[in-house]
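On a predicted model such as this, the values are computed, not experimentally measured, just so you know. Just the heavy atoms: all of them, side chains too, but no hydrogens, waters or symmetry mates, feed the values below.
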Amino acid sequence: MAADGFQYRALYTFTKDQEEDLDLQPGDLLTVCKASLMSVQNYEEGIEEHPEHLGWLLGYNERTKQRGDFPGTFVEFVGLIKMAHPSTQPRSQRPLPAAPIPEPSHEMAHDSAVLP
């Protein structure tokens with residue numbers, strides 16, 4: 001049975017603080033069942049596109065093949081997906097870590113202007 005879900009991409013490295021957390025590396029793809037998001041206290045239609053407002057999300061890391069919690073402040077919304085195995089396990093409520101502030105890099109701006 002397929003269920004509606006959402007896909008997110010990790011923007012930053014996150015090392016799990018608790019056993020139920022997921023480790024994240026930039027670029028990791030994470031899937032979250034819509035039903036689990038609907039259990040979030042402040043859920044409203046469309047908020048899934050702003051994971052930084054959702055707190056901790058329960059999802060599945062496609063790279064590590066593990067399920068667990070990850071901070072919404074460390075990911076970006078990718079899009080809607082169909083999931084094979086929905087999970088509606090409630091998440092614990094705890095303080096959300098702030099996203100790292102990227103360091104400005106002049107080299108990065110220069111490199112992006114010079115494309116083959």
Test side-chain contact (heavy atoms from CB on, under 4.5 Å) on E48 and Y8 and set out the steps. CA-CA 10 Å; E48 64 276 355; Y8 296 91; 3.4 Å; yes
Please find the pair of heavy atoms, one from I81 and one from Q7, that lie closest to each other, and give the distance.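 Minimum heavy-atom contact is CG2-CB, 4.0 Å.
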If you measure from [atom1] on [X] to [atom2] on [Y], what distance do you get to the nearest 0.5 Å?
X	Y	atom1	atom2	value
K16	D69	NZ	CG	11.0 Å
Q25	T13	CD	OG1	4.0 Å
R67	E20	CZ	CD	14.5 Å
E49	E45	CD	CD	9.5 Å

Can you check side-chain contact (heavy atoms from CB on, under 4.5 Å) on V32 and F77, steps first, answer last? CA-CA 11 Å; V32 175; F77 179 75; over 6 Å; no
Would you indicate whether the side-chain heavy atoms of [Y] and [X] approach each other to under 4.5 Å?
X	Y	value
L30	V75	yes
P26	L11	no
R63	L29	no
E62	T31	yes

Residues in ring-ring contact (aromatic ring centres under 6.0 Å, His included) with F74, at least two apart?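 F74 satisfies ring-ring contact (aromatic ring centres under 6.0 Å, His included) with Y12, F14 once adjacent residues are dropped.
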Using side-chain hydrogen bond (donor to acceptor under 3.5 Å, both in side chains) as the criterion, list what pairs up with [X], not counting sequence neighbours.
X	result
E76	R9
D23	none
N61	D28

Between D21 and F70, is the side-chain contact (heavy atoms from CB on, under 4.5 Å) condition met? List the steps. CA-CA 6 Å; D21 294 348; F70 62 93; over 6 Å; no
Determine, step by step, whether L54 and I47 satisfy the side-chain contact (heavy atoms from CB on, under 4.5 Å) criterion, reporting the C-alpha distance in whole Å, the side-chain angles of both residues, the deciding distance to 0.1 Å, and the verdict. CA-CA 7 Å; L54 289 168; I47 198 170; 3.6 Å; yes
Would L58 end up clustered with Y60 when hydrophobic side chains under 4.5 Å apart are linked, directly or stepwise?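 Per the 4.5 Å side-chain linkage, L58 and Y60 are not co-clustered.
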According to salt bridge (charged side-chain N to carboxylate O under 4.0 Å, His left out), who are the partners of E44, at least two apart in sequence or on a separate chain?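 None.
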Can you sort out the partners of E52 under side-chain contact (heavy atoms from CB on, under 4.5 Å), two or more places apart, ordered by chain and number?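 Listed in chain order: H50, T73.
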